[in-house]
Amino acid sequence: MSDRDFTVGVPEGELPSGSMVAGRLGEDEVLLVRDGDRVYAIGASCSHYHAPLADGLVMSGTIRCPWHHACFDLKTGGVLRAPAISPLPVWEVEKRDGHFFIGAKLEPEGSAPTGKPESVVIVGAGAAGVNVADTLRSEGYTGRILLISRDTDLPFDKPNLSKDYLAGSAPAEWLPLHPQQ
């Protein structure tokens, strides 16, 4: 990650359409992204496996992770495609005196609770299934959600299992996508 300090702003000429600049705003790692005429400030790492989104693809108001192709909405930080299950932080962006400045961190957008249907069944409790359940909850769904899986363990992060845990570089408590409770 870049140690570039975003508090001093980024000259407009350094951010042509389709480009990204990584840096920091205080303790936060932030990615400044220009997509057409719009400029966005979004968390710099994928929420799934912390890939650097500066190496990703920007397209039509979205950014895609370079490692596992999770997709996020640049405006809201919301997850649009698995395997990510958590949204990214976003900030206001202001242009003044030919520079882009990052402003206040924005609260995640949600929708009003729907309450319908009464229940949802999701077949498959991997990252995609868990993402569906998490998205339903974050969008205000209050009904019963049932995840069906042939696995007897909690839904777990399969890439973390195959790449880190089996190699001895990750503890078992890193595997579940959510705690038991």
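These figures come from a predicted structure and were not determined experimentally. We use all heavy atoms of the structure for the numbers below, so side chains are in, but hydrogens, waters and symmetry mates are not.
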Contact check, side chains of H68 and Y49, non-hydrogen atoms, under 4.5 Å | yes
Lys NZ or Arg CZ of R64 over F72 ring: under 6.0 Å, within 45° = no
With a 4.5 Å heavy-atom cut-off, do R34 and V58 have their side chains touching?
-> no
Spacing of CG belonging to N131 relative to OG belonging to S86, to within rounding of 0.5 Å | 8.5 Å
Within a strict 4.5 Å, meaning less than it, do heavy atoms of the T7 and L25 side chains meet?
-> yes
Would you indicate whether the side-chain heavy atoms of C65 and L53 approach each other to under 4.5 Å?
-> yes
Under 3.5 Å donor-acceptor, D35 side chain and G61 backbone = yes
Applying the 4.5 Å side-chain criterion to the ILVMFWY set and letting contacts propagate, would I63 and L106 be lumped into a single cluster?
-> yes
Closest contact, heavy atoms only, R4 versus P11 | NH2-CD, 3.7 Å
Look at the side-chain heavy atoms of Ile, Leu, Val, Met, Phe, Trp and Tyr, link any pair under 4.5 Å apart, and say whether L74 and L80 land in one connected group.
-> no
Can you check whether I122 reaches L146 side chain to side chain, under 4.5 Å on heavy atoms?
-> no
Between L32 and F100, is any pair of side-chain heavy atoms under 4.5 Å apart?
-> yes
Taking C-beta and beyond as the side chain, do L57 and T62 meet within less than 4.5 Å on heavy atoms?
-> no
In short, S45 meets E29 closest at the heavy-atom pair OG-OE1, 3.7 Å
Would you call E118 and R144 a salt bridge, using N to O less than 4.0 angstrom?
-> no
Could you pull out the closest heavy-atom pair between A127 and P83, with the gap in Å?
-> CB-O, 3.7 Å
Starting at NE2 of H69, measure out to CZ of R81 and round the result to the nearest 0.5 Å.
-> 11.5 Å
Look at the side-chain heavy atoms of Ile, Leu, Val, Met, Phe, Trp and Tyr, link any pair under 4.5 Å apart, and say whether W91 and F101 land in one connected group.
-> no
Does a salt bridge link D5 with R24, judged by any charged N lying under 4.0 Å from a carboxylate O?
-> no
Any chain of hydrophobic side-chain contacts (each under 4.5 Å) joining L147 to Y141?
-> yes
Correct closest heavy-atom pair for G9 and H99 would be C-CD2, 4.3 Å
Heavy-atom nearest pair, M20 first then V33, reads CG-CG2, 3.9 Å
Below 4.5 Å, heavy atoms only, C-beta onward: do V30 and I42 meet side chain to side chain?
-> no
